[in-house]
Amino acid sequence: MDVTQWQTRLTENFTVNDCVGGNLLEIFEKERACGNFFVTTFHGQSVLIDSFLSFYIDTLKIARWVADKQWLAPGLSDLCICLRLLSRDV
């Protein structure tokens with residue numbers, strides 16, 4: 001069976017409401033509603049979490065910049081670089 005035949009069979013068997021995978025649309029809507037509920041109900045927590053994540057990303061960017069300037073860690077992930085820089089006596 002070639003690719004076109006597989007795609008045709010999948011389309012025939014998994015089309016709901018004229019959309020392949022149409023059952024997922026209901027889940028997407030529920031995720032959107034849940035996200036909206038979280039943002040409005042837990043606004044303070046959302047602000048704290050978003051601020052922390054922004055700070056964390058900035059920290060990783062600075063660690064990458066320092067590592068690139070000092071040729072410390074070619075090929076390491078940003079998190080590994082950050083941990084390595086934080087453990088050094090600077």
Side-chain angles (χ1 to χ4, degrees):
M1 185 176 298
D2 67 357
V3 173
T4 304
Q5 290 172 320
W6 272 107
Q7 290 173 343
T8 301
R9 289 180 69 185
L10 290 171
T11 300
E12 290 170 355
N13 289 295
F14 294 103
T15 297
V16 176
N17 297 328
D18 296 324
C19 179
V20 177
N23 289 329
L24 295 173
L25 297 176
E26 180 183 343
I27 294 170
F28 294 153
E29 289 302 318
K30 288 183 181 188
E31 286 178 341
R32 186 176 298 119
C34 182
N36 290 338
F37 173 79
F38 179 82
V39 168
T40 56
T41 305
F42 304 107
H43 176 72
Q45 181 180 2
S46 180
V47 169
L48 287 172
I49 290 171
D50 292 347
S51 297
F52 169 76
L53 291 175
S54 180
F55 172 78
Y56 181 69
I57 290 168
D58 288 343
T59 302
L60 293 178
K61 286 180 180 179
I62 291 168
R64 168 62 65 187
W65 180 80
V66 170
D68 288 345
K69 288 284 186 188
Q70 297 180 9
W71 300 90
L72 291 177
L76 287 180
S77 71
D78 290 345
L79 179 58
C80 291
I81 292 169
C82 187
L83 294 174
R84 183 172 175 184
L85 289 173
L86 290 174
S87 67
R88 294 178 56 203
D89 294 328
V90 180

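The first residue in the sequence is number 1, and the count goes up from there.
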Q.
Starting from W6, can I reach V3 by hopping between I/L/V/M/F/W/Y residues whose side chains sit under 4.5 Å apart?
A. no
Q | Pairwise distance CD(E26) to CG(N17) - rounded to 0.5 angstrom | A | 10.0 Å
Q. When rounded to the nearest 0.5 angstrom, what distance separates CG in L53 from CG in D58?
A. 11.0 Å
Q. Do E12 and R9 sit within salt-bridge range, that is, some charged N less than 4.0 Å from a carboxylate O?
A. no
Q: Mind checking the CD1-OH spacing from I49 to Y56? Nearest 0.5 Å is all I need.
A: 15.0 Å
Q.
Donor-acceptor check, side chain of S54 to backbone of D50, threshold 3.5 angstrom: yes or no?
A. no
Q. Hey, what do you get for CE (M1) to OG1 (T8), rounding to the nearest 0.5 Å?
A. 9.5 Å
Q) NZ/K30 to CD1/I27 distance, rounded to the nearest 0.5 angstrom? A) 8.0 Å
Q. Measuring from L48:CG to H43:NE2, what's the distance to the nearest 0.5 Å?
A. 9.5 Å
Q: Describe, in one word, how the ring planes of F38 and F42 are oriented to each other, choosing from parallel (under 30°), tilted (30 to 60°) and perpendicular (over 60°).
A: tilted
